[in-house]
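Here's the structure, in structure tokens; my notes come after.
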Amino acid sequence: MKKSMLWGLVVLALAVPCADSGAQDRSARSYTQADFVKVEGGALSDRVERAFRQFKGANQGDSLWLAYHFPARAGVSVGPFAGMIYYDEGIRLERKENPATAAIFLLTDGSGTQPRITRVKLLDLSEPYVFEKRPVYWLGDVDAAQSIAFLEGLMRPATSTGDLAAGALRAISSHDSPRAIALLRDLALKDANAAVQASAVSSLSRIRTEQGAAALVDLYDAV
């Protein structure tokens with residue numbers, strides 16, 4: 001990416017929020033939190049493998065959700081309804097974010113012999129979501145270091161798409177960890193993929209803290 005283009009992205013990121021949208025196809029079978037299949041204990045990579053084997057053994061289709069809690073940063077926007085405010089004739093309702101119920105959902109292709117993650121979503125599980133067509137395998141609580149490392153790894157294979165990288169970087173920016181800021185800054189400045197650079201700048205702009213702002217200023221000065 002040319003430095004002039006990256007400079008423009010850094011400036012634009014200060015004002016433009018990242019949107020997350022999408023919908024699933026409708027299906028007769030649906031799953032709620034009560035139907036989550038629990039696969040907990042051990043390293044995150046081990047949980048993913050165990051959940052995938054269990055899914056294949058149960059013959060539940062060609063795709064699934066893998067999901068887990070992570071330590072979310074205070075004030076983070078999670079899910080499509082985060083920060084929503086209703087106001088009419090002096091009647092006000094503000095929907096508050098709850099980092100304690102923030103979760104990462106990994107849409108996973110289960111048609112092969114190994115799990116292939118195709119999309120990353122952030123949801124607030126205090127909302128009564130219904131998951132149509134695909135079962136959810138719940139991996140429990142995952143610490144920030146394991147979660148960030150796993151999400152970073154999703155962007156590296158040659159099969160990784162721009163949407164997958166963008167979702168992974170947005171999820172990384174939501175972690176309560178200094179590693180998130182350092183990683184996003186490095187990717188924005190040095191990654192060879194222009195799409196990854198752009199997504200890193202956008203995700204860094206979501207970190208509304210003094211440290212996040214300082215990282216954006218560093219990028220501005222560098223380019």
Side-chain angles (χ1 to χ4, degrees), residues 18 20 33 36-56 63-79 97-110 112-126 131 134-161 163-188 190-191 193 196 199-200 202-204 206-207 209 211-212 215:
C18 179
D20 184 19
Q33 291 186 50
F36 288 3
V37 181
K38 293 185 178 180
V39 182
E40 302 181 51
L44 176 56
S45 57
D46 293 336
R47 299 183 216 183
V48 169
E49 290 294 335
R50 282 189 281 122
F52 183 75
R53 290 197 302 268
Q54 192 168 337
F55 168 78
K56 295 290 282 188
S63 60
L64 67 151
W65 290 104
L66 301 171
Y68 61 87
H69 277 314
F70 67 101
R73 177 172 38 80
V76 68
S77 295
V78 177
E97 289 87 0
N98 185 0
T101 55
I104 290 173
F105 280 74
L106 308 170
L107 182 56
T108 306
D109 183 347
T113 58
Q114 296 294 324
R116 185 173 69 86
I117 294 167
T118 59
R119 191 173 182 190
V120 180
K121 291 186 67 66
L122 285 169
L123 295 179
D124 181 351
L125 285 185
S126 67
F131 299 84
R134 303 179 181 94
V136 179
Y137 282 74
W138 183 251
L139 309 183
D141 295 325
V142 176
D143 64 62
Q146 283 193 83
S147 179
I148 291 175
F150 185 85
L151 292 168
E152 183 184 4
L154 295 181
M155 302 182 296
R156 297 310 175 195
T159 55
S160 179
T161 65
D163 287 343
L164 177 59
L169 290 170
R170 180 172 184 263
I172 287 171
S173 74
S174 301
H175 285 66
D176 186 14
S177 169
R179 171 61 181 155
I181 295 175
L183 175 60
L184 292 172
R185 181 190 180 282
D186 287 347
L187 290 173
K190 303 175 184 176
D191 199 272
N193 188 320
V196 170
S199 293
S202 176
S203 296
L204 189 58
R206 291 168 47 82
I207 304 178
T209 66
Q211 293 79 12

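Note that the structure is predicted; figures quoted are calculated from it, not measured.
Between the CD atom in E49 and the CG atom in L44 there is a gap of 10.5 Å [rounded to 0.5 Å].
In terms of heavy atoms, D143 sits closest to P71 at C-CD, 4.1 Å. Heavy atoms only, all atoms of each residue included: L187 and A200 are closest at CB-CB, 4.0 Å. Here the closest heavy-atom approach between residue L66 and residue A51 is recorded as CD2-CB, 3.7 Å. Taking each heavy atom of I172 and L183 in turn, the nearest pair found is CD1-CD2, 3.9 Å. Between H69 and A103, the shortest heavy-atom contact is ND1-CB, 4.1 Å. The shortest non-hydrogen separation linking R206 to R73 is O-NH2, 3.6 Å.
Judged as a salt bridge (charged side-chain N to carboxylate O under 4.0 Å, His left out), and not counting sequence neighbours, R53 has no contacts. In this structure S147 satisfies the side chain to side chain donor-acceptor pair (under 3.5 Å) test together with Y68, H175, sequence neighbours excluded.
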Requested in this report: Quick one: do R119 and D163 satisfy side-chain contact (heavy atoms from CB on, under 4.5 Å)? Show the steps, please.
Outcome: CA-CA 7 Å; R119 191 173 182 190; D163 287 343; 5.9 Å; no

Requested in this report: Mind running side-chain contact (heavy atoms from CB on, under 4.5 Å) on M155 and D191 for me, showing each step along the way?
Outcome: CA-CA 11 Å; M155 302 182 296; D191 199 272; over 6 Å; no

**Report entry** From CA spacing to verdict: side-chain contact (heavy atoms from CB on, under 4.5 Å), L151, I148
**Finding:** CA-CA 5 Å; L151 292 168; I148 291 175; 5.6 Å; no

Report task. Take R170 and V120 through the side-chain contact (heavy atoms from CB on, under 4.5 Å) test and state the conclusion after the steps. Result -> CA-CA 9 Å; R170 180 172 184 263; V120 180; over 6 Å; no

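Side chains of V48 and P115 form a contact here, defined as non-hydrogen atoms less than 4.5 Å apart. Between L184 and D186, every side-chain heavy-atom pair lies at or beyond the 4.5 Å cut-off. Under the 4.5 Å side-chain criterion, counting only non-hydrogen atoms from C-beta, Q114 is not in contact with R116. Two residues are said to be in side-chain contact when any heavy atoms from C-beta on lie closer than 4.5 Å; W65 and T108 fail this criterion. Annotation: side chain of L107 is not in contact with side chain of I117 (no heavy-atom distance under 4.5 Å). Within the 4.5 Å cutoff, side-chain heavy atoms of F70 are placed close to those of S174.
Looking only at distances, no side-chain donor or acceptor of S173 sits under 3.5 Å from a matching main-chain atom of A171. No donor-acceptor distance shorter than 3.5 angstrom exists from the side chain of K56 to the backbone of T113, with no hydrogens or angles considered. Side chain of R47 to backbone of L139: a donor-acceptor contact under 3.5 angstrom is found. Within the 3.5 Å criterion, the main-chain N or O of G41 finds a donor-acceptor partner in the side chain of R50. Remark: side-chain polar atoms of Q33 are paired, donor with acceptor, to backbone N or O of L125 under 3.5 angstrom.
Each salt bridge (charged side-chain N to carboxylate O under 4.0 Å, His left out) pair with one or both residues in residues 172-182, not counting sequence neighbours, appears once here: E152-R179.
More than 12 heavy atoms of other residues, nucleotides or ligands lie within 6.0 Å of CG in D46, so this atom counts as buried by the packing criterion.
Between F52 and Y137, the distance from one ring center to the other does not fall under 6.0 angstrom.
Note on ring orientation: taking the six-membered ring where Trp is involved, the planes of F131 and F105 are parallel (angle under 30°, cut-offs 30° and 60°).
S63 and R134 share a donor-acceptor pair across their side chains, judged by distance under 3.5 Å alone. The closest side-chain donor-acceptor pair between T101 and D124 falls under 3.5 angstrom.
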